[in-house]
Structure formats: structure tokens, C-alpha cells
Amino acid sequence: PMPREKKRKSPEVGYQPKKRQPKTNFQRKNTETKTSRNRILIVCEDSLSSPHYFDAMIRDYNLSGTDIRIYGEGGSAPSSVYSDAERIYREDAEKYGEDNTYDKVYCVFDKDQHADYDDTIEKCKQSTKIDAITSVPCFEVWLLFHFIDSEKPLENGETATKKLKEHIKKYDKANLINTYHDQLKNKTNTAIKNSESVMKRVTKAETDNPSSHIHILVKHLQKEAKKV
């Protein structure tokens, strides 16, 4: 008989890295190589769209066995996302040692109407480990870049989602794993190119709408996937 297919676990919501044994600094230095993969923590502001998108991507890139953790319960406020990122990093460092914790931490959040948006970005800039991965006005603008290259401002998340549905007719935050495989993954490099291009143009125009820094995180994941 055919083996029964294992059910997919939803992100940590999420995706849990393999359990590790605490290592001393000496052990780490002797086992680490130039091609060793980074340990990455991705903290998102919601439990659906961005966690499911990144979960689908790391599985597609065969990164599932590496220490990439997606945490999708960070709360909608950027400051909450940052606080959870700090907490998880600190707890991991206390458990496994400062030299054996996450190499990079990404806080993924939207601008929307959040009053603490600018303050949280500043906190990330002051951190040596945590990077802000923002989208303006929302995460859906990154998905939109898979299809268009446009710097036309988007009033809010609702406007961005409406525009996205012109390309993904049945867009559903809770179904992004399937959407990634069906409509997005083959356009990832197009999204990166469009995102970078739009970013340059809106920056020159002294605005940030629309824009997304998700291409930075995606390029990092692509780089990790190429490591042996």
C-alpha cells in the first residue's frame, strides 16, 4: 500500500527548527564551515499571510531542515513584533549561548496606521542583530510586485488587497501556502526586481508608498538555499 502522506504543520504558528544541544564556543568553531547556513528568526505581525508565505518558501528552497524559525504571533503593532523578537533571541541565547543563537533576526511588519512604526524602525537600526522588514502600506504590496512595477500610491491595506485581487482572483491570507506554489513562486525574481526598482523611485520622490523591504529577506533565504 502507498505510504500515508503526513499532514503539513502550520507555521508556529509555525515552523519549528530542529532541537539542538547546547554547544560550547570551542565546539562551534570546530564544526562551523564557510558554507554553513545561518540561523534565522523571522517574527511576523500576523499569523496568516506573511508566516504562511515564508513557510512555503523555506520548504520550496529545501531549507526546512535548517534552523529557520517563523514566529507568527507577534501582534499587529510593530513594537510588539520587536519585543517578541528581542525576547525570543534572548531566551535562545540564554539556553544555547551567545555564540550559538540566531545569526540574523527579521521583524516583518506593515506601516498601516501604526503610531509606533517609526520608533520601531529606529530600534531596529540601533540593534546589531534585528532588521526591520517593512511594507507600505501592507504585506500585500510585496505580493503585488510579483505582477506589476508601479509606484502609484496605495491608500491603505484594503486598497492594496483590492488591487492584488486583480491578479489573484481568490486571494485569501489563510491560503497563501497554496497560492505561493500556484501563482507566486515562479515570479519571485520578478518581485525582487520590481520591489527594488519601485524602492529607488519612491525614495527619490521622498516617499515610501508603495514599498517593501521583503526582497531583502527573500534574497537572504535564496543565498542560504545555495549553501551546501
Side-chain angles (χ1 to χ4, degrees), residues 6-23 27-28 31-75 80-109 124 127-135 139 142-143 173-174 176-181 184-185 188-189 191-192 195 212-228:
K6 293 183 180 179
K7 292 183 178 179
R8 182 192 295 273
K9 292 183 179 179
S10 58
E12 171 125 43
V13 200
Y15 184 74
Q16 293 287 343
K18 290 182 177 180
K19 291 184 178 180
R20 313 181 314 287
Q21 294 297 322
K23 297 178 181 179
Q27 288 174 314
R28 180 177 171 88
T31 56
E32 198 172 63
T33 66
K34 289 183 179 180
T35 56
S36 63
R37 286 172 172 164
N38 288 166
R39 291 195 62 232
I40 301 170
L41 171 63
I42 304 171
V43 182
C44 306
E45 71 170 34
D46 70 314
S47 60
L48 294 175
S49 54
S50 52
H52 284 177
Y53 174 84
F54 290 119
D55 180 61
M57 177 170 282
I58 64 174
R59 292 173 187 274
D60 184 43
Y61 288 173
N62 293 317
L63 292 171
S64 301
T66 65
D67 282 325
I68 297 180
R69 180 180 180 184
I70 302 169
Y71 184 82
E73 299 175 354
S80 296
V81 178
Y82 182 84
S83 294
D84 276 331
E86 264 198 328
R87 174 182 57 78
I88 295 169
Y89 178 87
R90 184 175 61 253
E91 290 173 352
D92 195 84
E94 289 174 354
K95 187 172 184 179
Y96 299 107
E98 194 69 38
D99 289 341
N100 195 43
T101 190
Y102 296 104
D103 298 288
K104 178 59 70 176
V105 180
Y106 292 106
C107 286
V108 181
F109 57 89
C124 291
S127 171
T128 58
K129 286 283 186 178
I130 303 176
D131 283 358
I133 299 296
T134 59
S135 294
F139 173 76
W142 163 251
L143 303 183
K173 290 175 181 283
L176 253 184
I177 290 178
N178 290 329
T179 302
Y180 171 83
H181 290 288
L184 297 173
K185 78 171 188 176
T188 300
N189 288 334
I192 292 172
S195 182
S212 178
H213 288 86
I214 290 177
H215 62 267
I216 296 172
L217 172 49
V218 170
K219 288 172 74 172
H220 188 176
L221 294 177
Q222 290 179 333
K223 182 179 179 181
E224 293 303 305
K226 293 177 181 178
K227 293 181 179 179
V228 179

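Just so you know, residue 1 is the first one in the sequence shown, and it goes up from there. It should be emphasised that the depicted structure is a prediction, and the values quoted were computed from it without experimental measurement.
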Does Thr188 reach the main-chain N or O of Lys185 with its side chain, forming a donor-acceptor pair under 3.5 Å? yes

For Arg87, what residues pass the salt bridge (charged side-chain N to carboxylate O under 4.0 Å, His left out) criterion, not counting sequence neighbours? Asp84, Glu91

Under the 3.5 angstrom rule, does the side chain of Arg37 hit a backbone N or O of Asp67 as a donor-acceptor pair? no

Say you draw a straight line from CD1 of Ile88 to OH of Tyr102; how long is it, rounded to the nearest 0.5 Å? 7.0 Å

Taking every heavy atom of Ala85 against every heavy atom of Val105, the minimum-distance pair comes out as CB-CG1, 3.8 Å

Val108 and Val81, any side-chain heavy atoms less than 4.5 Å apart: no

Sequence neighbours excluded, the answer for ring pair (Phe, Tyr, Trp, His ring centres under 6.0 Å) partners of Tyr61 is none

Asp131: side-chain hydrogen bond (donor to acceptor under 3.5 Å, both in side chains) partners, not counting sequence neighbours: Lys104

Quick one: pull up CG in Asp92 and CZ in Arg39 and give me the separation to the nearest 0.5 Å. 4.5 Å

Listed partners of Lys129 passing salt bridge (charged side-chain N to carboxylate O under 4.0 Å, His left out), at least two apart: none

Any Lys/Arg nitrogen of Asp46 or Lys173 sitting under 4.0 Å from an Asp/Glu carboxylate oxygen of the other? no

Could you give the distance from CD1 (Ile42) to OH (Tyr53), rounded to the nearest 0.5 Å? 10.5 Å

Indicate the ring-plane relationship of Trp142 and His215, choosing parallel, tilted or perpendicular according to the 30° and 60° boundaries. tilted

Qualifying residues under salt bridge (charged side-chain N to carboxylate O under 4.0 Å, His left out), relative to Lys219, sequence neighbours excluded: Glu196

Mind checking side-chain hydrogen bond (donor to acceptor under 3.5 Å, both in side chains) for His220 and listing every partner two or more places apart, or none if nothing turns up? Asn38, Tyr106, Glu224

The criterion is side-chain contact (heavy atoms from CB on, under 4.5 Å); which residues satisfy it with Thr179, sequence neighbours excluded? Ile168, Asn175, Leu176, Gln183, Leu184

d(His52 NE2, Ser47 OG) to nearest 0.5 Å is 7.0 Å

Out of curiosity, Ser135 OG to Ile214 CD1, how far, rounded to the nearest 0.5 Å? 3.5 Å

